[in-house]
Amino acid sequence: QVQLVESGGGLVQVGGSLRLSCVGFGRSLSTFAMAWFRQAPGKEREFVSAISQAGGTTEYADFVKGRFTVSRDNSQNKGYLQMNSLEPADTAIYYCAVDRYLDLSLRTTEDAYLYWGRGTQVTVSS
């Protein structure tokens with residue numbers, strides 16, 4: 001029903017920046033809330049950020065507040081995660097996920113999202 005493709009990952013030095021993109025295929029994403037999760041080696045998948053259908057509401061995990069910015073452009077069926085001041089702890093595979101829930105609040109758990117991309121690798125090194 002919905003296919004998601006992430007891009008923009010890569011290798012950066014500590015303090016650098018990356019912008020991840022998530023593009024949807026098969027269905028307009030305008031009625032879907034979008035979230036970003038990440039999974040580092042040996043760790044569980046964790047919530048990073050989320051954005052409401054029209055982009056009016058955002059949510060961030062505490063460890064990325066002030067460094068990451070989530071946005072979306074529904075005219076291009078895309079979402080973005082701008083990552084600044086990257087740290088080694090940010091090294092992980094980053095996943096885009098969407099769901100059509102109509103709740104007032106954004107959901108921050110992975111079981112709340114039905115459709116997932118395959119992920120893009122972000123590596124932060126000294």
TODO: List the steps and the verdict of ring pair (Phe, Tyr, Trp, His ring centres under 6.0 Å) for Y113 and F37.
DONE: CA-CA 11 Å; Y113 293 88; F37 293 80; 5.8 Å; yes

Output, in order, the C-alpha distance, side-chain angles, deciding distance and verdict of side-chain contact (heavy atoms from CB on, under 4.5 Å) for N74 and S28.
CA-CA 8 Å; N74 287 335; S28 171; over 6 Å; no

Worksheet entry | Intermediate values then yes/no, side-chain contact (heavy atoms from CB on, under 4.5 Å), R38 and E46 | CA-CA 5 Å; R38 71 186 188 186; E46 62 184 354; 2.8 Å; yes

>> If you define the side chain from C-beta out and look only at heavy atoms, does anything of L20 sit under 4.5 Å from T120?
In response: yes

Quiz item: Does a side-chain heavy-atom distance below 4.5 Å link V122 with M83?
Solution: yes

Transitively linked via ILVMFWY side-chain contacts under 4.5 Å: W36 with V2? yes

Would a single hydrophobic cluster contain both L114 and L4, if residues Ile, Leu, Val, Met, Phe, Trp and Tyr are joined by side-chain heavy-atom contacts under 4.5 Å? yes

State, with a plain yes or no, whether a side-chain heavy atom of Y115 is found less than 4.5 Å away from one of F32. yes

Here the gap from S71 atom OG to M34 atom CE, rounded to the nearest 0.5 Å, amounts to 9.5 Å

Q) V70 and F63: same hydrophobic cluster, using ILVMFWY side-chain contacts below 4.5 Å? A) yes

* Between Q82 and N84, does any side-chain donor sit less than 3.5 Å from a side-chain acceptor? -> yes

Distance only, no hydrogens: is a donor on one side chain within 3.5 Å (strictly under) of an acceptor on the other, for R67 and S85? no

### Message
Within the 4.5 Å heavy-atom criterion, are R72 and L29 side-chain neighbours or not?
### Response
yes

Rounded to the nearest 0.5 Å, the CZ atom of R19 sits from the CG atom of L81 at a distance of 11.0 Å

Here the gap from E59 atom CD to K65 atom NZ, rounded to the nearest 0.5 Å, amounts to 6.5 Å

Closest heavy-atom pair, D73 versus S75, reported as atoms and distance to 0.1 Å, is OD1-OG, 2.5 Å

Here the gap from F68 atom CZ to L86 atom CG, rounded to the nearest 0.5 Å, amounts to 5.0 Å

Handout entry: Within one Ile-Leu-Val-Met-Phe-Trp-Tyr cluster: I51 and Y80, side-chain cutoff 4.5 Å
Key = no

For this session: Answer yes or no: is there a side-chain heavy-atom contact under 4.5 Å between W116 and V98?
Result: no

(Q) Would you say that S52 contacts L106 through its side chain, given a criterion of any heavy-atom pair below 4.5 Å between the two side chains? (A) yes

Scanning both residues in full, the closest heavy-atom pair of R107 with Y101 reads N-OH, 3.2 Å

Query raised in the report: Side chains of V5 and C22: does their closest heavy-atom pair fall under 4.5 Å?
Result: no

E6 and R118 ion-paired at < 4.0 Å:
no

inquiry  = Could you tell me if the side chain of R45 sits less than 4.5 Å from the side chain of Y95, heavy atoms only?
reply    = yes

>> Looking at S125 and Q13, would you say the former's side chain and the latter's main chain have a donor-acceptor pair under 3.5 Å?
In response: no

Quiz prompt | Connected via hydrophobic side-chain network under 4.5 Å: V23 and L18 | solution = no

OG1 of T31 to CD of Q53, rounded to nearest 0.5 Å, is 7.0 Å

